[in-house]
Protein chains: 2
Amino acid sequence: MDSLLRYFDMLCLIPKAPNSISTPEILKKLQNMCYAVDLRTVQRDLVKLSASPLFPIANTENTKPLRWFWIDNSSPMQLPMMSTDEALTFKLAEMFLEPLLPPSVRSRLAGYFDLADKRLKESKFEHWVEKVGVVPKNLPLLPAEIEPSVLAVVYEALLKNRRFKATYQAIYKQPKTYEINPLGLVFRHNSIYLVATIFDYTDVKQLALHRFKDAELSDRIVSVPKNFVLNDYIAQGNFDYPVDNHLQEITLKLKVADFLKQILLETPLCTNQRISQIDDEHYLLKACVINTEQLHWWIRSFGTGIEVLEPLELREFFAFEAKALNEMYQ
Amino acid sequence: MDSLLRYFDMLCLIPKAPNSISTPEILKKLQNMCYAVDLRTVQRDLVKLSASPLFPIANTENTKPLRWFWIDNSSPMQLPMMSTDEALTFKLAEMFLEPLLPPSVRSRLAGYFDLADKRLKESKFEHWVEKVGVVPKNLPLLPAEIEPSVLAVVYEALLKNRRFKATYQAIYKQPKTYEINPLGLVFRHNSIYLVATIFDYTDVKQLALHRFKDAELSDRIVSVPKNFVLNDYIAQGNFDYPVDNHLQEITLKLKVADFLKQILLETPLCTNQRISQIDDEHYLLKACVINTEQLHWWIRSFGTGIEVLEPLELREFFAFEAKALNEMYQ
DNA sequence: TATGAAAACGTCCAAGTTTGTCGCTTTGGT
DNA sequence: ACCAAAGCGACAAACTTGGACGTTTTCATA
């Protein structure tokens, strides 16, 4: 029984395919976990485990301290088993994420989606796919593809606080190689941007991940500019949607069309919104919200379905825009 | 060694907490898997396994065929271990899904997000959170909460093709109990809708999941109306965003502002889009897209940043709307 | 309420497995 | 070329496993 636990812990110590761990390293780690075992035992156990098709582990046969790893492309085994509920939720999440995340990011979770598939199939619940639909809220734009090896380096650099060397091709320019000092990742518009400084300059740049041609981890530690905080950097409007009045909260009064009432009742703008009837076809909406560019987009997207009443500033903003739009189409 | 595999398969047979499996059932299933074991052995094994903190399984002590289950609230164990890459991707997915999925749906995956957390913590990579940001594309509306027990019944009913009895409270109406014949789930606007018929009527209804007060599985099998296909039902515009001309593909010509060029280059509208310069501040975009309501939203949301040139029909549609909008604000 | 089938659980013991030890071979670095 | 470290085969002692059997408990049916 004790050995069962040891087997388990051993299997946990072994990393997935690109990485590996040597037999003596496993021994040391097991001893740290208070298993009083011999190297010979560890060797024997590994051979035994790898013989079973349940545990697809293998070693590098030609090196002398043998290095062990899990053979790739297998979806993870898991205890307790994934429930059908979880499997369904995974598939739903996959549907949601599909138009949002670039393929190389999504593919990191492919094993889990496969596991969910298997689970639903073995339960004879295959037909669920025909029973689920998504009505997208956004126009599905094509997410830009990111070179998987670049993504791996960027992930590792951010996690380990290390810089990396990379070739970046700005639009309409020749590719150039820089040493990147990564500060953070920002997702926007189905694209991923690296916020970083370059070489030893101090100005913060935004680099689209899909424009990197290659990347290689360096040994230099990341240096964070004084007072740099990613969320502040975003809030300052560095991602081309400046937050108008520094996150000012406003009391919004909108005259909304009939059909919008339903939507707003179900997914309110804020917890304390109020809706009252104006006439047969219009309702008055009151809500406290933060005056962001996203709010403007949202209001615009309903066209004549929303009329901004207050604050007056915002009404004038939209009135001006309506006038400009009308003139544009003359 | 053979017994290790048996332990593993035994653990796989045990379901999570609300469900359970009796010792004789486990015996039968193991025998089907060609394990020639005695009931006594199974009993002993289960006691042994449950004694280890690694396998939080327990039994119902007062029933006579003892029923075994995994004690809840533990995040799943998995082999091979979740890599840091996967863990990071899970956390990113969580950030994305947070404003999209209702809490009760998201909570089904909580174990995996916790696992990802643990993994990142034990790797001393805790600071990644400060290094990732999301610039939301949409106004974050509050997703409507769904009663977890209702969600469970709806999931089960859909998977097992069974009807259920439920109390539904339509807006401004008294709650009523119906027998629901579920046909499919549709996600729209951060809300989830059940497409279903009621009792033995044949008209297809849409029922918001968050308006169900309770639900209980019934034994009656679902009957699908003739020719009902969920995706067709959605495409027919039953979710209040009718697809204008039956998924007609149009060749779009837009005059777009400078800043939109960047966005469109990175996340194109379609694979064959063309962008050419008109003047210092404007570009011509050509793309073949499907003429959906989402496209209209998208165009509207950029205000004066987009002028529709072709097709003429669409231009006139927006010209008319601009005029109406301008008049509205006079 | 009696009866019987089924499951849980204790104990014994033989068969089988595990594991430390030792010795030999192979490998890689200095 | 040498040495340290790891792989590998063999062996025997120690330990674990698992079937057999008996007793007790529970639940369903007569």
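In what follows, chains carry the letters A, B, and so on, assigned in the order in which the sequence lines appear, proteins first and then strands, with residues in each chain numbered from 1. All values below come from the heavy atoms of this structure, side chains included, with hydrogens, waters and symmetry mates left out.
Of the residues near DNA chain D, A/Asn59 and A/Ser3, the one whose nearest nucleotide (by heavy atom distance) lies more toward the 5' end is A/Asn59.
Using a cutoff of 4.0 Å between basic side-chain nitrogens and carboxylate oxygens, B/Lys48 and B/Asp45 are scored as salt-bridged. Salt-bridge formation is not detected for the pair A/Arg119/A/Glu86: no Lys NZ or Arg NE/NH1/NH2 atom is positioned less than 4.0 Å from an Asp or Glu carboxylate oxygen. Between B/Glu94 and B/Lys91 there is a salt bridge, with a side-chain nitrogen of the basic residue lying less than 4.0 Å from a carboxylate oxygen of the acidic one. A/Asp200 and A/Arg220 are joined by a salt bridge, as a carboxylate oxygen and a charged side-chain nitrogen come within less than 4.0 angstrom of each other.
Listed by chain and number, the residues in a salt bridge (Lys or Arg N to Asp or Glu O under 4.0 Å) with B/Lys176 amount to none (sequence neighbours excluded). With sequence neighbours left out, B/Tyr7 forms a ring-ring contact (aromatic ring centres under 6.0 Å, His included) with no residue at all.
Remark: the backbone N or O of A/Pro175 is not paired with any side-chain donor or acceptor of A/Lys213 at under 3.5 angstrom. At least one donor-acceptor pair under 3.5 Å links the side chain of A/Arg163 to the backbone N or O of A/Ile221. For B/Thr23 (side chain) and B/Leu66 (main-chain N/O), a donor-acceptor pair under 3.5 Å exists by modelled atom type.
At a cut-off of 3.5 Å, with distance as the only test, a side-chain donor of A/Ser20 or A/Arg67 sits close to an acceptor on the other residue.
The nucleotide range of DNA chain D contacted by chain B, defined by atoms under 4.0 angstrom from heavy atoms of the protein and reported 5' to 3', is D/dT17 to D/dC27.
Remark on the helix from C/dT1-D/dA30 to C/dT30-D/dA1: inter-end axis angle 40°, axes from five-pair C1' superpositions, rounded to 10°.
For the residue pair B/Leu30 and B/Asp9, the shortest heavy atom distance occurs at CD2-CB, 4.4 Å.
Of the residues in residues 19-56 of chain B, B/Thr23, B/Pro24, B/Arg40, B/Gln43, B/Arg44 come within less than 4.0 Å of DNA chain C through at least one heavy atom, sorted by number.
Taking 4.5 Å as the limit, some side-chain heavy atom of A/Trp70 sits within range of a side-chain heavy atom of B/Leu79.
Ring geometry for A/Phe8 against B/Phe8 counts as parallel: the plane angle stays under 30°, on a 0 to 90° scale with 60° as the upper cut.
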### Query
In the 5'-to-3' direction, what one-character label does each nucleotide of nucleotides 25-30 of chain C receive under the scheme B = base within less than 4.0 Å of a protein heavy atom, S = sugar-phosphate only, - = no such atom?
--SS--
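Within 4.0 Å (heavy atoms only), A/Arg67 reaches no atom of the nucleic acid at all.
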